[in-house]
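Bear in mind that the values here come from a model prediction, so they are computed numbers and not experimental data. Sequence positions, counted from 1, serve as the residue numbers for this chain. For the numbers below, each heavy atom of this structure counts, side chains included, while hydrogens, waters and symmetry mates do not.
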Amino acid sequence: MFLAKYLIGKRYDPDLVLRFEEDWGCQVDNVDGKPAFWIGSLQKHVFPLDMCTEIIRYFIDLSNVYAVYGISNICVTVPSYFDPNQRALLQQAVENCGYKPDQVSLFPDTDCFIFCYDDNATIHKETVAVLNIGFTSLTFAVYSRDGDHYSPCFSHSSFTLGGNEYTKRIYAWLSEEDLKKT
């Protein structure tokens, strides 16, 4: 999961692919100058943008279980080393899940805590989902806002970067794609 986010928006780099060769879990190829995961069961390449979209879609589905008012805004933390192209594609991944650009916020991971407790926002009665995919951990939280107060509704952290439930979600998506093909 982290590696899909790490590759989003990057050009294919054979040295980078070799460096993480044992971590990919599948073959990573050069498709039109971009890295793409070869999914043998589907007999096709899947780009990091597609993988990130499905991971974010999973968390949106999960957050809607805990959201009191529905998810009105999405905040995705972004590593400070991301270039503008990577930020744009991560934004696109969230928009692929049905959100408009003004509903999506990208924050450097150090600013996320400040955003969640920002008392200058003007919208009342909203639910904010925060997703932070780091190098060694993943944190997902849902905050409900009433007036100028944020209350945590749900929080989940994983130090195994995804674990079985996320892997199952990706496999289910890949299976659905395979069924569409066949």
| query | For Ile8, does its backbone N or O pair with a side-chain atom of Gln86 as donor and acceptor, under 3.5 Å? | reply | yes

| said: I'd like to know if the side chain of Asn30 and the backbone of Tyr12 have a donor-acceptor N/O pair within less than 3.5 Å. | reply: no

| field | Closest non-hydrogen atom pair between Ala36 and Val31, with its separation | value | CB-CG2, 3.7 Å

| message | Looking at every non-hydrogen atom in both residues, tell me the closest pair between Gln91 and Val104 and how far apart they are. | response | NE2-CB, 3.5 Å

To the nearest 0.5 Å, what is the distance between [atom1] on [X] and [atom2] on [Y]?
{"X": "Leu90", "Y": "Glu95", "atom1": "CG", "atom2": "CD", "answer": "10.5 Å"}
{"X": "Ile74", "Y": "Lys100", "atom1": "CD1", "atom2": "NZ", "answer": "14.0 Å"}
{"X": "Ile60", "Y": "Cys97", "atom1": "CD1", "atom2": "SG", "answer": "4.0 Å"}
{"X": "Asp32", "Y": "Arg11", "atom1": "CG", "atom2": "CZ", "answer": "8.5 Å"}
{"X": "Arg87", "Y": "Asp83", "atom1": "CZ", "atom2": "CG", "answer": "8.5 Å"}

Identify all side-chain donor-acceptor contacts of residues 37-50 below 3.5 Å with residues at least two apart in sequence or on another chain.
residue : atom : partner : partner atom : Å
Gln43   : NE2  : Gly40   : O            : 2.6
Lys44   : NZ   : Glu177  : OE1          : 3.1
His45   : NE2  : Asp29   : OD2          : 2.8
Asp50   : OD2  : Phe47   : N            : 3.4

| said: I'd like to know whether CG of Asp102 has more than 12 heavy-atom contacts from other residues, nucleotides or ligands below 6.0 angstrom. | reply: yes

| query | If you draw a 6.0 Å radius around NZ in Lys10, do more than 12 non-hydrogen atoms from other residues or ligands fall strictly inside? | reply | yes

| said: So, using side-chain hydrogen bond (donor to acceptor under 3.5 Å, both in side chains) as the criterion, who are the partners of Asp13 when residues are at least two apart? | reply: none

| Given Leu106, Thr53, Val76, the one that forms side chain to side chain contact (heavy atoms under 4.5 Å, CB included) with Val94 | Val76

